[in-house]
Undergrad: 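My questions will all concern the structure given below.
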Amino acid sequence: MPNFSCRVVLDLDMPGLPAGRLTVLALYGDPGVGTALESALAGRRETELVVDLGGLDRLSPDAAEILHRFAAAGAARDRRLRLAGCSADTAAVLARARPAGSAGPELHSTVPAALAAAVIRAARSGTGAAPGAALRPSALRLRHRLLGQAGVARAQGILVERYGLRDLRTADTLLRGVARTHRLPRAVLAASLAGTPAPAPSGPGAPEYGRHAPPAVGFLGPPGDRPPTRTAFLDALRDAVCAVTRARMADVQLVDRADNSLWLTSSCGCPAAFVRFFAVIDAGTTACGAVARGRERVVVDDVVTAACFDEDARAVLLAAHSRSLQSTPIPGADGRPQGVFSTHHTRPGHAYSAAELDALDRIAREAGAWLDWHRATTLRGALDDLHRRARSA
């Protein structure tokens, strides 16, 4: 019998959707003729459904027909079925199984893309208009909450399938324990596991990087017995750029490569409304977003007239007394920015000296090298530990 499992990743009220509810399911293994899949879907007819197919070994023609029938039945009641994580083979099976004249389920390359479609539909709430700029932070936070939970669920399924663990609860306990040992967010470890190929049955899960010394970082001072956590490092980075530019207000944001959004990870001198608004943003509405896209520093002489802000972002900045600012990219090993740090000043036209800009560039390079080292050391070391613990569980 094929090894198949289905996990409810999230089930929550979402006003604005015709069903008033959004459910995310993650599928793992091989659904075979689809009997178990049909049973899993049977209780989800009165909800807007996102199904993550990324954990499937394959999709059979029988299972594809079941998905098409479910999509057609839902469409008749204005319930959408969105399929995410479709491989080329899965998409081909779905295409061959689609009944003539049927649109079939919506296909999305990733869970975030499917969630974005659901969020936008909820935001329209029957008005026919796309969500305004003021809604974007909330929409992005919801997408990332769902994405994080979907990623954890996928990692749990991988552990069960890969190592023959007893159940998803055992996998979650293992995931939490390793994340705690290595001082990592569980969602970060889960995403790394999902993006790492399965190790050889008798080989290590990942190279050991823990013995490599961290790169020199001038603003950290002498190295201690134990490297700082990422949170402590980012706070030190924030304080260093404040010292260079004589700023009392600064923030550090890291790029989420899943959708190129920016997450606020450290700040000082920023009002609560600023922190809430910029907690997570897309790359199209701010100077820091322009930096993440263009890979070069942006200096804003006057927030009032700068074209790189939409009106919502501009209002939040002015309310925080930010009239001029600079945003500098933190380079990654692949050449793309992995983050941005910004310093803010209360007067327009703040001038940065050549020495200050050179110092900011040096700090950015050191921060990028340290973050690359931390990712390789901590994440790969954690995956190695996870592999060892899972094999002995």
Side-chain angles (χ1 to χ4, degrees), residues 1-86 90 93-94 97-99 102-108 110-122 142-143 145-161 165-172 190:
M1 178 180 295
N3 190 1
F4 172 75
S5 61
C6 174
R7 171 78 183 274
V8 178
V9 175
L10 195 79
D11 195 24
L12 79 165
D13 293 329
M14 184 174 285
L17 291 177
R21 195 161 192 83
L22 176 69
T23 302
V24 181
L25 297 181
L27 308 183
Y28 309 100
D30 181 354
V33 297
T35 304
L37 172 62
E38 193 161 28
S39 298
L41 295 175
R44 305 292 167 185
R45 300 186 184 280
E46 299 303 322
T47 184
E48 196 97 351
L49 192 61
V50 172
V51 180
D52 181 7
L53 305 180
L56 290 181
D57 297 332
R58 73 180 189 99
L59 183 71
S60 67
D62 291 326
E65 290 179 5
I66 289 170
L67 290 171
H68 278 295
R69 289 200 300 270
F70 187 88
R77 301 188 308 279
D78 203 21
R79 273 63 166 160
R80 304 278 179 86
L81 172 62
R82 297 179 176 88
L83 305 180
C86 298
T90 296
V93 173
L94 285 166
R98 184 172 62 241
S102 169
E106 293 183 16
L107 301 186
H108 298 272
T110 63
V111 172
L115 295 175
V119 167
I120 289 172
R121 191 181 192 213
L142 176 59
R143 282 168 55 192
R145 176 187 171 195
L146 297 175
L147 174 59
Q149 293 183 350
V152 168
R154 176 178 289 188
Q156 292 167 355
I158 289 172
L159 288 171
V160 169
E161 297 292 332
L165 299 183
R166 184 168 59 252
D167 51 34
L168 293 172
R169 183 187 296 268
T170 302
D172 188 56

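Heavy atoms only: backbone and side chains are in, while hydrogens, waters and symmetry mates are out.
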Undergrad: Flag the pair V93 / R58 as yes when at least one side-chain heavy-atom distance between them is below 4.5 Å, and no otherwise.
TA: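 No, too far: nothing below the 4.5 Å cut-off.
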Undergrad: Write down the atom of A97, the atom of P61, and the distance for their closest heavy-atom approach.
TA: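 Shortest heavy-atom separation between A97 and P61 comes out as CB-O, 4.5 Å.
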Undergrad: Does a side-chain heavy-atom distance below 4.5 Å link V50 with L25?
TA: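 Not in contact.
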Undergrad: Flag the pair R21 and E46 as a salt bridge only when some basic side-chain nitrogen lies within less than 4.0 angstrom of an acidic carboxylate oxygen.
TA: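 Answer for the salt bridge query: no.
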Undergrad: Are there over 12 heavy-atom neighbours, none belonging to R77, within less than 6.0 Å of that residue's CZ?
TA: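 Counting neighbours around CZ of R77, more than 12 heavy atoms of other residues, nucleotides or ligands fall under 6.0 Å, so yes.
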Undergrad: Determine, stepwise, if the pair L41 / L67 fulfils side chain to side chain contact (heavy atoms under 4.5 Å, CB included).
TA: CA-CA 9 Å; L41 295 175; L67 290 171; 4.0 Å; yes
Undergrad: Minimum heavy-atom separation for R166 to T170, with atom names?
TA: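 Answer, listing the atom of R166 first, then T170: NH2-OG1, 3.4 Å.
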Undergrad: Taking all non-hydrogen atoms of both residues, which atom of D78 and which atom of P18 are closest, and how far apart?
TA: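 Looks like OD2-CG, 3.2 Å.
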Undergrad: Test side chain to side chain contact (heavy atoms under 4.5 Å, CB included) on V51 and V24 and set out the steps.
TA: CA-CA 6 Å; V51 180; V24 181; over 6 Å; no
Undergrad: Ignoring hydrogens and geometry, is there a side-chain-to-backbone donor-acceptor pair from H68 to L94 under 3.5 Å?
TA: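 Checking the backbone N and O of L94 against the side chain of H68, a donor-acceptor pair under 3.5 Å is found.
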Undergrad: Report the distance from atom CD of E65 to atom CD of E38, rounding to the nearest 0.5 Å.
TA: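 Here the interatomic distance stands at 10.5 Å.
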Undergrad: Test your reading of the model: is there a side-chain donor-acceptor pair from S60 to the backbone of G32, 3.5 Å cut-off?
TA: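 Such a contact is found between S60 side chain and G32 backbone.
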Undergrad: Working to the nearest 0.5 Å, report the span between CD1 of I66 and CG of L59.
TA: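 Answer rounded to 0.5 Å: 9.5 Å.
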Undergrad: When rounded to the nearest 0.5 angstrom, what is the spacing between CG in L107 and OG1 in T90?
TA: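 One gets 10.0 Å once the value is rounded to the nearest 0.5 Å.
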Undergrad: Going through the checks in order, is the side chain to side chain contact (heavy atoms under 4.5 Å, CB included) test met by F70 and L49?
TA: CA-CA 10 Å; F70 187 88; L49 192 61; 3.6 Å; yes
Undergrad: Determine the minimum heavy-atom distance between A71 and G104, stating which atoms define it.
TA: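 Minimum heavy-atom contact is CB-C, 4.2 Å.
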Undergrad: Could you tell me the separation between the CG atom of D30 and the OG atom of S5, rounded to the nearest 0.5 Å?
TA: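 Going from CG on D30 over to OG on S5, the span is 11.5 Å.
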Undergrad: List the steps and the verdict of salt bridge (Lys or Arg N to Asp or Glu O under 4.0 Å) for R79 and E48.
TA: CA-CA 5 Å; R79 273 63 166 160; E48 196 97 351; over 6 Å; no
Undergrad: Hey, does the side chain of Y28 reach the backbone of R154 with a donor-acceptor pair shorter than 3.5 angstrom?
TA: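 At least one qualifying donor-acceptor pair exists.
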Undergrad: Are the side chains of L168 and V160 in touch, meaning some heavy atoms are under 4.5 Å apart?
TA: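 The answer is yes; the side chains approach within 4.5 Å.
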Undergrad: Roughly how far apart are R169 CZ and D172 CG, rounded to 0.5 Å?
TA: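 Separation between the atoms: 8.5 Å.
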Undergrad: Given side chain to side chain contact (heavy atoms under 4.5 Å, CB included), test F4 with L56 step by step and report yes or no.
TA: CA-CA 8 Å; F4 172 75; L56 290 181; 4.0 Å; yes
